[in-house]
Amino acid sequence: GQQVMQIPQYQHVQEGEDFTTYCNSSTTLSNIQWYKQRPGGHPVFLIQLVKSGEVKKQKRLTFQFGEAKKNSSLHITATQTTDVGTYFCAGGRTSYDKVIFGPGTSLSVIP
Amino acid sequence: DTGVSQDPRHKITKRGQNVTFRCDPISEHNRLYWYRQTLGQGPEFLTYFQNEAQLEKSRLLSDRFSAERPKGSFSTLEIQRTEQGDSAMYLCASSLRAEAFFGQGTRLTVV
């Protein structure tokens, strides 16, 4: 069955340092979504990428979708304490398919 | 407030008892998901609905789990003969297109 993997599992950074999490799917995806979950909270949608090779930016966050539509990355520039949380990628094989989540990357930011 | 509400927020039950959770999605959303999440893990897909039709149920899910979405509105998730391994956060999400909106979840503890 479809599997979504993420690395690293945990990342501790000093405030101001950059952070990247990588997502890989065992199957080609129709789209990739990224969510953020704060400690004690629920996942909150950040963005969706649909096109092969697509790059999108949200302020200090940069999202990429691989050419083969099987991998993606999220890069945060100059982390802040408000970036603390777990970042999940999620996707489906088609736009009508179920959405499968990766295991997440937990980010800690040391002030 | 994401607009998706789940009830109850917390449930403590004895092993062997049945429990039922309710999810009220955002009213115009046609797709509804149930996920299960344990500490340090990503949301694990359980089942999803398109309107009132249950499109898929995880093969990992035992027959003790059943979900309904009568009339394509609210949904219920029932767990029969609960086991300690069922202890987790049960998350409901609804979507119209790509972005899934999550509820606050129901935390189940089986003692």
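Every heavy atom of this structure was used, including side-chain atoms; hydrogens, water molecules and symmetry mates were not. Throughout, a chain's letter reflects where its sequence line sits, starting with A, and its residues are numbered from 1.
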With a 4.5 angstrom heavy-atom cut-off, is it the side chain or the backbone of [X] that approaches chain A, or both, or neither?
| X | answer |
| --- | --- |
| B/Arg31 | side chain |
| B/Glu56 | side chain |
| B/Glu44 | neither |

- Message: Both conditions, 6.0 Å and 45 degrees, for the charged tip of B/Arg22 above the ring of B/Phe74: are they met here?
- Response: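 Satisfied, under 6.0 Å and within 45°.
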
- If you tally heavy-atom pairs under 4.5 Å against chain B, which of A/Ile47, A/Val99, A/Val50, A/Leu46 wins?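 Looking at each option in turn, the highest pair count goes to A/Val99.
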
- Task: Verify the distance criterion only: is there a donor paired with an acceptor across the side chains of A/Thr79 and A/Glu17 at less than 3.5 Å?
- Result: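 No pair is found: no donor N or O on one side chain lies under 3.5 Å from an acceptor on the other.
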
- Task: Answer yes if the side chains of A/Trp34 and A/Thr21 hold a donor-acceptor pair under 3.5 Å, and no otherwise.
- Result: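 Looking only at side-chain atoms, A/Thr21 and A/Trp34 do not form any donor-acceptor pair under 3.5 Å.
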
- Query: Say you draw a straight line from CZ of A/Arg60 to OG1 of A/Thr82; how long is it, rounded to the nearest 0.5 Å?
  - Reply: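 The distance works out to 5.5 Å.
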
Proximal component of [X], with respect to chain B [non-hydrogen, under 4.5 Å]:
| X | answer |
| --- | --- |
| A/Gln37 | side chain |
| A/Ser95 | backbone |
| A/Tyr35 | side chain |

- Item | Same apolar cluster: B/Leu61 and B/Val19, side chain cutoff 4.5 Å |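 Yes, one cluster joins them.
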
- Message: For B/Ile12, is the CD1 atom crowded, meaning more than 12 foreign heavy atoms sit under 6.0 Å from it?
- Response: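 Counting other residues, nucleotides and ligands, CD1 of B/Ile12 stays at 12 neighbours or fewer.
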
